[in-house]
Amino acid sequence: MKKCLIITPVFLFLLSIQLFAQDNVERERMNNLLRAPLGNISQSVWRNALVSYLSQCVGECPCALVVSEGIQGDINSANMWIGTFKDGQPTELWSGLASRLASGDQNRENVSMPTDRCKRRNGVAEVRGNQACIPQRSCRDVSVYRSLADELGLPENVALTSFYFSTPMQNEMYKFHDFYPCTSTPCPATLGCLGLERHAMKALCLNHMGSNGSNGIEAPERAGGVWLYFHNTGRPNQNPGDEDSAFAGYRSLAQNGKCSNVSTANLSSGELMSPSSILASGGGRTTSGRSPSSSNGGGLLQGFNQLAGLGQQQGQERGEEQALSPQQEQFQRAIRRECNQTTAEACPNVSESIINEYCEDVRRFTRNACEFERKD
């Protein structure tokens, strides 16, 4: 004789209580997440960004989120946080300062959108002798652009240009692209686009966004790509989301294993990261305007420091000064020229002699924005 399962009203009542209690716990976890901004992002921007992002996770979900918030009174700088929400817990992949330009009617819209695969942007240089001339840009020594490509590990046959990892940010008018590092405000000015330190941007593209091959690297979009929340003087008109949809998206991330295969490698160091405990820490907002992942800089200056350190180490091992190869000397000269130009643009009131001395050996100085203090 078969036994029948009898579902009584009491059983249904207890089940409904259990589901209601679980729903309340998860709702409170999401609310705690919304109340605890990370990466120096303000409370209102963080909340709006997460409501927008999590609302997308009801369906197909981009598994990485970029939140960029312009710094008031500084048109060239923004705070940025990049992370994932695997299992409903935030994991920071990078945070720090990013470059931008927001003035007048330029770069003032609130944007919340999925990104495309990364590609080479900003025109291709025409090489004339030892000069590389990008359309609508000043010509520069070929070694400047070749150093960028070499540093990013790109094939020799990739055309020379300013940016190798870039994605549309706002109807193709502005881009989110690789740029010079920024460890203190004001950041090096862009022409209007949003700039992230080159190696971090490359890692974001290869680990999450994908790359379309125009920069010499073909990579698929991984785990839904990236959701970009940018500028944010208020809620965006497009994809603002709402808290009920955000909760459904949060539950989907927390319960359904969505984004379970997303990379949690730090974009600067490659180190695997652990989830941030919002409930334990009460939020991760910092006051320094920088983070360990970005405090050492990157891009060309990072390459210069690594090159200088390598030469010093080799000299110590041999007990003598180590001469640089002609290629290394050319690389150093290009880096110093670029350092001089970007520092002079960021700090127009600092004397040329101080900037030259700083760019000759950045490790001899302690720098706070545009204040340069010699260590010796």
For this session: Kindly indicate, with the supporting measurements, whether the criterion salt bridge (Lys or Arg N to Asp or Glu O under 4.0 Å) is fulfilled by Glu357 and Arg374.
Result: CA-CA 10 Å; Glu357 191 176 348; Arg374 294 181 183 87; 2.7 Å; yes

Is [Y] reachable from [X] through a run of I, L, V, M, F, W or Y residues, each pair having side-chain heavy atoms under 4.5 Å apart?
| X | Y | value |
| --- | --- | --- |
| Leu101 | Ile71 | no |
| Val262 | Tyr250 | no |
| Val111 | Met209 | yes |
| Tyr145 | Val127 | yes |
| Met273 | Leu206 | no |

Can you name the closest pair of heavy atoms from [X] and [Y] and give their distance?
| X | Y | answer |
| --- | --- | --- |
| Ala64 | His208 | CB-ND1, 3.8 Å |
| Asn79 | Gly39 | CB-O, 4.2 Å |
| Ala265 | Leu93 | O-CD2, 3.7 Å |
| Ser77 | Cys187 | OG-N, 2.9 Å |
| Pro37 | Gln43 | CD-OE1, 3.5 Å |
| Asp178 | Tyr164 | OD1-N, 3.0 Å |

Nearest 0.5 angstrom please: [X] [atom1] to [Y] [atom2], how far?
| X | Y | atom1 | atom2 | value |
| --- | --- | --- | --- | --- |
| Ile82 | Asn207 | CD1 | CG | 11.0 Å |
| Glu69 | Gln72 | CD | CD | 8.0 Å |
| Asn215 | Leu152 | CG | CG | 9.0 Å |
| Thr264 | Glu271 | OG1 | CD | 10.0 Å |
| Trp81 | Leu38 | CH2 | CG | 6.0 Å |
| Glu92 | Leu65 | CD | CG | 12.0 Å |

For this session: Take Cys259 and Cys61, measure what disulfide (SG to SG under 2.5 Å) needs, and give me the verdict at the end.
Result: CA-CA 8 Å; Cys259 296; Cys61 186; 4.3 Å; no

Could you check if a side-chain atom of [X] sits within less than 4.5 angstrom of a side-chain atom of [Y], using non-hydrogen atoms only?
| X | Y | result |
| --- | --- | --- |
| Leu97 | Met80 | no |
| Ser274 | Thr91 | no |
| Val51 | Pro240 | no |
| Val124 | Ile134 | no |
| Leu228 | Met169 | yes |
| Trp227 | Val66 | no |
| Leu267 | Met201 | no |
| Phe247 | Glu243 | no |

[X] side-chain N/O to [Y] backbone N/O, donor-acceptor pair under 3.5 Å:
| X | Y | result |
| --- | --- | --- |
| Ser252 | Gly249 | no |
| Tyr229 | Asn110 | no |
| Arg235 | Gly241 | yes |
| Ser211 | Ile217 | yes |

Exercise. Does atom CG of Asp242 have more than 12 heavy-atom neighbours from other groups under 6.0 Å away?
Worked result: yes

Go through the side-chain N and O atoms of [X] and [Y] and say whether any donor and acceptor fall under 3.5 Å apart.
| X | Y | result |
| --- | --- | --- |
| Asn32 | Arg29 | no |
| Ser112 | Ser52 | yes |
| Gln131 | Glu126 | no |
| His199 | Glu151 | yes |

Exercise. Would you call the rings of Phe179 and His177 parallel, tilted or perpendicular, where under 30° means parallel and over 60° means perpendicular?
Worked result: perpendicular

Problem set entry | Note: Asp87-Lys258 ion pair, threshold 4.0 Å (strictly below) | no

For this session: Just do the side-chain contact (heavy atoms from CB on, under 4.5 Å) check on Thr84 and Cys63 with the steps written out, would you?
Result: CA-CA 6 Å; Thr84 72; Cys63 290; 5.7 Å; no

For this session: Begin from the C-alpha positions of Tyr53 and Phe85 and carry the test ring pair (Phe, Tyr, Trp, His ring centres under 6.0 Å) through to its verdict.
Result: CA-CA 10 Å; Tyr53 167 72; Phe85 292 87; 5.7 Å; yes

Exercise. Is there a side-chain contact (heavy atoms from CB on, under 4.5 Å) between Arg198 and Tyr180 once you walk through the steps?
Worked result: CA-CA 7 Å; Arg198 297 190 191 282; Tyr180 303 105; 3.4 Å; yes

Exercise. Given Asn266 and Ser269, is the side-chain contact (heavy atoms from CB on, under 4.5 Å) satisfied, shown in steps?
Worked result: CA-CA 6 Å; Asn266 182 283; Ser269 67; 3.3 Å; yes

Exercise. Do any pairs count as a salt bridge (charged side-chain N to carboxylate O under 4.0 Å, His left out) and have a residue in residues 110-122, sequence neighbours left out, and if so which ones?
Worked result: Arg117-Glu218, Arg121-Glu172

Exercise. Are Cys205 and Cys118 within a span of less than 2.5 Å, counting SG to SG?
Worked result: yes

For this session: Apply side-chain contact (heavy atoms from CB on, under 4.5 Å) to the pair Arg251 and Arg27, showing each step before the final yes or no.
Result: CA-CA 9 Å; Arg251 291 189 69 180; Arg27 175 79 70 167; over 6 Å; no

